[in-house]
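Encoded as structure tokens, the structure appears first; notes follow it.
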Amino acid sequence: MKRIFTLIFAVTMIAVAANAQTKKVSVLGDSYSTFKGSNPDGYAPFYPDANNDVKEVAQTWWSLYTKAKGYTLEVNDSWGGTTICNTGYFRSNSANSSFNSRLWKLGNPDIIFVFGGTNDAWANAPVGEYKYADISKADCNSLRPALAYMLDALARIYPNATVYTILNSELKEDVNESFRVVCKHYGVQLIELHDIEKQNGHPSIKGMQAICDQLLEAIK
């Protein structure tokens, strides 16, 4: 009986380990998560960049993370310069490239990382008011309702996936607070980055490793 129990336990642990290693990760992001050839055609990548030492895809935060966990990348839908809301730089209409326009392109992931808000902050997009129901297209011109729409939609489109939001360091406090409040409302874990080394405004090799390390620490 003891031998049978030991065998069942061993088989179970092998199955658990195999399942952990085959988890699929999708990324919905901006330039911080791009790398030429790793994002959909027509998207604007930042990496590699002449003024940043990240030169290989293996040096990106998402590549480091999936390798560390033994996961596989499902889809990396990241587009440089994009905002979560539909207001881009110089108050331009960014509805065709915003995070909310790309929600349905993440495949069949077990884990979704949303890494955004940086361009909303840098573009001085309106933060708007907190709103969690009857969110209109016009409402999504502002960050708070657009963020709420996004998290609600992700939960509906990918009911079996766990969603994590990643927030860049050194952003405007109203953007930081918007993420804290909206993520708490939807019960989504928010990972606020700190001490991220950057070159040309974007994570360096050290910065990418720091992002990976902070994700590994935050997600148990």
Side-chain angles (χ1 to χ4, degrees), residues 20-21 23-40 43-84 88-89 97 99 102 106 109-125 143 147 162-180 183 188-220:
Q21 291 174 352
K23 282 188 177 181
K24 296 176 292 185
V25 176
S26 287
V27 179
L28 181 61
D30 53 30
S31 60
Y32 277 41
S33 305
T34 60
F35 199 91
K36 187 176 182 179
S38 300
N39 312 114
Y43 285 21
F46 172 82
Y47 294 99
D49 178 78
N51 297 310
N52 191 289
D53 63 5
V54 174
K55 303 301 182 186
E56 299 177 7
V57 68
Q59 297 169 324
T60 61
W61 70 266
W62 45 271
S63 185
L64 292 167
Y65 181 82
T66 53
K67 182 179 180 180
K69 296 293 291 184
Y71 297 161
T72 59
L73 181 68
E74 174 78 349
V75 174
N76 185 345
D77 196 284
S78 297
W79 192 339
T82 55
T83 49
I84 290 175
Y89 287 88
S97 62
F99 282 47
R102 298 182 274 127
L106 301 180
D110 300 297
I111 296 170
I112 298 172
F113 285 116
V114 179
F115 194 171
T118 298
N119 290 299
D120 298 79
W122 289 356
N124 290 314
L143 174 62
L147 181 57
T162 303
V163 178
Y164 299 97
T165 54
I166 307 172
L167 186 62
N168 192 13
S169 59
E170 303 172 286
L171 296 184
K172 296 163 41 176
E173 186 55 29
D174 57 355
V175 171
N176 297 336
E177 186 64 16
S178 298
F179 270 80
R180 293 172 190 137
C183 289
V188 173
Q189 183 175 349
L190 172 64
I191 302 164
E192 296 190 51
L193 302 177
H194 57 87
D195 303 313
I196 303 300
E197 181 183 276
K198 299 168 186 175
Q199 297 170 352
N200 198 11
H202 291 68
S204 62
I205 290 176
K206 288 184 179 179
M208 289 292 190
Q209 186 62 61
I211 293 172
C212 175
D213 291 343
Q214 289 175 35
L215 294 181
L216 292 171
E217 177 62 27
I219 303 170
K220 301 297 186 183

For this session: Measure the shortest side-chain to side-chain distance between Val27 and Tyr65 over non-hydrogen atoms and say whether it is less than 4.5 angstrom.
Result: no
For this session: Decide whether Ser38 and Asn76 meet the rule of one side-chain donor and one side-chain acceptor closer than 3.5 Å.
Result: no
For this session: Locate the shortest heavy-atom distance separating Phe179 from Gly116; write the atom from each residue and the value.
Result: CZ-O, 3.4 Å
Exercise. Is the closest side-chain heavy-atom distance between Asn39 and Trp79 below 4.5 Å?
Worked result: no
For this session: Mark yes when over 12 heavy atoms from residues, nucleotides or ligands other than Lys67 sit less than 6.0 Å from its NZ; otherwise mark no.
Result: no
Exercise. What is the distance from atom CD of Glu192 to atom CG of Leu171, rounded to the nearest 0.5 Å?
Worked result: 9.5 Å
For this session: Please examine the side chains of Ile196 and Gln214, heavy atoms only from C-beta on, and report whether any two atoms are closer than 4.5 Å.
Result: yes
Exercise. If you measure from CD1 on Ile191 to OG1 on Thr165, what distance do you get to the nearest 0.5 Å?
Worked result: 7.0 Å
Exercise. Is the gap between the ring centers of Phe115 and Trp61 under 6.0 Å?
Worked result: yes
Problem set entry | Where Val57 and Ser63 come nearest, the two heavy atoms and their spacing | O-CB, 3.2 Å
Problem set entry | For Leu64 against Ala58, the heavy-atom pair lying closest together | CD2-O, 3.5 Å
Seminar exercise, completed: OG of Ser169 to CG of Asp195, rounded to nearest 0.5 Å, is 7.5 Å
Exercise. Among Asp30, Thr83, Thr82, which one satisfies side-chain contact (heavy atoms from CB on, under 4.5 Å) with Ser97?
Worked result: Thr82
For this session: Can you measure from OH (Tyr47) to OG (Ser33) and round to the nearest 0.5 angstrom?
Result: 8.5 Å
Exercise. Do the side chain of Gln59 and the main chain of Met208 share a donor and acceptor less than 3.5 angstrom apart?
Worked result: no
For this session: Mind listing the closest non-hydrogen atom pair of Val175 and Gly117 along with its distance?
Result: CG1-O, 4.0 Å
Problem set entry | Side-chain donor/acceptor of Thr66 to backbone N/O of Trp62, under 3.5 Å | yes
Problem set entry | Thr34 side-chain N/O to Phe46 backbone N/O, donor-acceptor pair under 3.5 Å | yes
Exercise. Counting N and O atoms only, with roles assigned by atom type, does the side chain of Gln189 sit under 3.5 Å from a partner on the main chain of Ala218, one being a donor and the other an acceptor?
Worked result: yes
For this session: Give, for atom OG of Ser26 and atom CG of Leu106, the distance between the pair rounded to the nearest 0.5 Å.
Result: 5.0 Å
Exercise. Do other residues, nucleotides or ligands put more than 12 heavy atoms under 6.0 Å from Lys198 NZ?
Worked result: yes
For this session: List the atom of Ile205, the atom of Asp53, and the distance in Å for their closest heavy-atom pair.
Result: N-OD1, 2.8 Å
Exercise. Considering residues, nucleotides and ligands other than Lys55, do more than 12 of their heavy atoms fall under 6.0 Å from its NZ?
Worked result: yes
For this session: Establish, from distance only, whether the side-chain atoms of Gln199 and Ser204 form a donor-acceptor pair under 3.5 Å.
Result: no
Problem set entry | Least distance between heavy atoms, Ile112 atom then Pro109 atom | CG1-CG, 3.6 Å
Exercise. Applying the side-chain contact (heavy atoms from CB on, under 4.5 Å) test to Pro203, which of Ile211, Asn52, Asn168 qualifies?
Worked result: Ile211
For this session: Verify the neighbour count for atom CD of Glu173: are there more than 12 heavy atoms of other residues, nucleotides or ligands below 6.0 Å?
Result: yes
Exercise. Which distance, rounded to the nearest 0.5 Å, do you find between the NZ of Lys23 and the CD of Glu74?
Worked result: 14.5 Å
For this session: Mark yes or no for whether Asp77, through its side chain, and Leu28, through its backbone, hold a donor-acceptor pair below 3.5 Å.
Result: no
